[in-house]
J.: 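Pasting a structure here, questions to come.
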Number of protein chains: 2
Amino acid sequence: MHERTRAEWRATRQRAAVLRALHLHDTFVSAQSLHAALAADGVTVGLTTVYRTLRLLAASGHVDVVRDSAGERLYRPRPDDGHRHYAVCRECGLSLAVDSDEVERWVARIARDIGFHAVDHTVELTGLCERCRPPMSRPAAGPPARRRTPSAG
Amino acid sequence: MHERTRAEWRATRQRAAVLRALHLHDTFVSAQSLHAALAADGVTVGLTTVYRTLRLLAASGHVDVVRDSAGERLYRPRPDDGHRHYAVCRECGLSLAVDSDEVERWVARIARDIGFHAVDHTVELTGLCERCRPPMSRPAAGPPARRRTPSAG
DNA sequence: CAGCATAAGACAACGGTTTTCATTTGCGGT
DNA sequence: ACCGCAAATGAAAACCGTTGTCTTATGCTG
Ligand SMILES: [Mn+2]
Ligand SMILES: [Mn+2]
Ligand SMILES: [Zn+2]
Ligand SMILES: [Zn+2]
């Protein structure tokens with residue numbers, strides 16, 4: 001069986017565009033908002049292609065994925081040194097990578113204790129960032145950044 | 001303005017049925033499988049009502065909710081002493097409540113460190129339970145319990 | 001440059017969940 | 001016991017993110 005060298009990642013204009021757009025964001029973004037952002041920049045990429053590319057990037061570990069409260073998938077480029085966990089502001093979408101060493105160890109210990117193999121974990125924090133601090137008994141004065149979710153704008 | 005006493009939870013046959021069905025399971029169940037289970041028992045409850053009831057139970061903290069890899073919501077009665085986190089076997093659906101004190105403390109500390117308020121958290125473990133231990137280099141001999149997901153049977 | 005496997009794109013389909021709206025029903029007041 | 005009404009139900013349609021299908025376009029390798 002002649003196993004010839006096959007390229008497994010074809011460089012296309014669309015993939016480059018998705019990757020570029022992804023890195024322009026400092027927060028988690030949905031496939032749809034990424035597609036919208038590209039369109040706004042005059043870059044035509046099919047929504048299907050955006051989904052496919054993000055799925056590939058997630059599978060190959062190049063992006064981290066979380067699901068918002070509505071179940072929509074949000075993507076963010078993964079730092080070079082492995083996966084991270086994030087705290088996301090539910091008001092403005094700000095996301096901070098948090099130090100999770102302690103949780104990683106906890107996961108490993110629990111997995112061992114209960115005899116589970118190949119344990120994967122999901123750890124997400126959602127809250128209100130300092131800027132979006134809740135209006136204490138003053139409904140009128142709204143928070144500064146009034147963006148609901150990093151998803152469908 | 002006459003503020004009369006309003007009942008906020010009306011006892012109906014359907015709600016009782018959903019609650020009862022929910023407690024019969026020892027694992028997380030989806031709205032749809034719960035609905036199917038009810039139908040199989042000859043109990044007629046609209047799927048819409050099942051969804052609505054579960055949503056209420058979740059909002060009022062009577063059930064814990066997780067989302068499977070497909071995004072489907074799975075429900076489980078919450079123990080009396082507060083919320084729990086679970087390890088779920090991705091092969092047979094077995095779910096174990098795990099001791100999460102350490103994570104709870106970690107969450108509180110992180111929240112304080114980064115200045116987030118009203119922090120909520122999601123912590124889920126998925127893996128293979130002891131019974132579903134991976135077939136080591138033997139694709140033929142399948143695992144014992146061959147149920148994919150506690151959801152749509 | 002040719003050949004071909006891979007990718008793109010438009011559109012339909014999918015699946016879980018929510019909305020709508022007409023009808024029923026629990027429940028407090030009498 | 002009966003009324004009256006707000007709340008709940010249920011069937012069907014709408015919703016929405018995502019994936020499948022299938023035809024066309026295009027990298028890549030020889
Ligand atoms: Mn981790
Ligand atoms: Mn917790
Ligand atoms: Zn914020
Ligand atoms: Zn198992």
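Protein chains get the first letters and strands the later ones, always in sequence-line order, with residue 1 at the start of each. All values derive from a computational prediction rather than experimental measurement.
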J.: My understanding is that only one of B/V65, B/V18, B/L19 makes a side chain to side chain contact (heavy atoms under 4.5 Å, CB included) with B/L54; could you say which?
T.: B/V18
J.: Would you mind telling me which residue lines up with the more 5' stretch of DNA chain C, B/A70 or A/T12, judged by nearest nucleotide?
T.: A/T12
J.: The side chain of B/T49 is closest to which nucleotide in this list: C/dT17, D/dG17, D/dT9?
T.: D/dT9
J.: Give the angle between the helix axes at the two ends of the helix from C/dC1-D/dG30 to C/dT30-D/dA1, taking five base pairs at each end and rounding to 10°.
T.: 40°
J.: Within less than 4.0 Å of OP1 or OP2 of D/dT19, is there a side-chain N or O belonging to A/R73?
T.: yes
J.: Pair B/R105, A/E102 - check salt bridge (Lys or Arg N to Asp or Glu O under 4.0 Å), show working.
T.: CA-CA 10 Å; B/R105 285 193 297 270; A/E102 192 174 334; 5.9 Å; no
J.: Looking at D/dT9, C/dA7, C/dT17, which one has an atom nearest to any side-chain atom of A/R15?
T.: C/dA7
J.: Between A/Q14 and C/dG9, does any side-chain N or O lie under 4.0 Å from OP1 or OP2?
T.: yes
J.: Short of 4.0 Å, heavy atom to strand atom, which residues of residues 37-46 of chain A count as contacting DNA chain C?
T.: A/T44, A/V45, A/G46
J.: All N/O contacts under 3.5 Å from nucleotides 12-15 of chain D to the protein, with atom names and distances to one decimal?
T.:
{"from": "D/dA12", "atom 1": "N6", "to": "B/T48", "atom 2": "OG1", "distance (Å)": "3.3"}

J.: Could you say whether B/W9 or B/L47 is positioned toward the 5' end of DNA chain D, judged by the nucleotide with the nearest heavy atom to each?
T.: B/W9
J.: C/dT20, C/dG9, C/dT17: which one has an atom nearest the side-chain heavy atoms of A/R52?
T.: C/dG9
J.: Taking the inter-plane angle between the rings of A/H121 and A/H83 on a 0 to 90° scale, is it parallel (under 30°), tilted (30 to 60°) or perpendicular (over 60°)?
T.: perpendicular
J.: Is there a donor-acceptor contact under 3.5 Å linking the side chains of A/R76 and A/S95?
T.: yes
J.: Kindly indicate whether the side chain of B/R10 and the base of D/dA7 share any N or O donor-acceptor pair separated by less than 3.5 Å?
T.: yes
J.: Under 4.0 Å, heavy atoms only, any strand: does B/R13 hit a base, just the sugar-phosphate, or nothing?
T.: sugar-phosphate
J.: With respect to the side chain of B/Y51, which nucleotide from D/dT21, D/dT9, C/dG16 is positioned closest?
T.: C/dG16
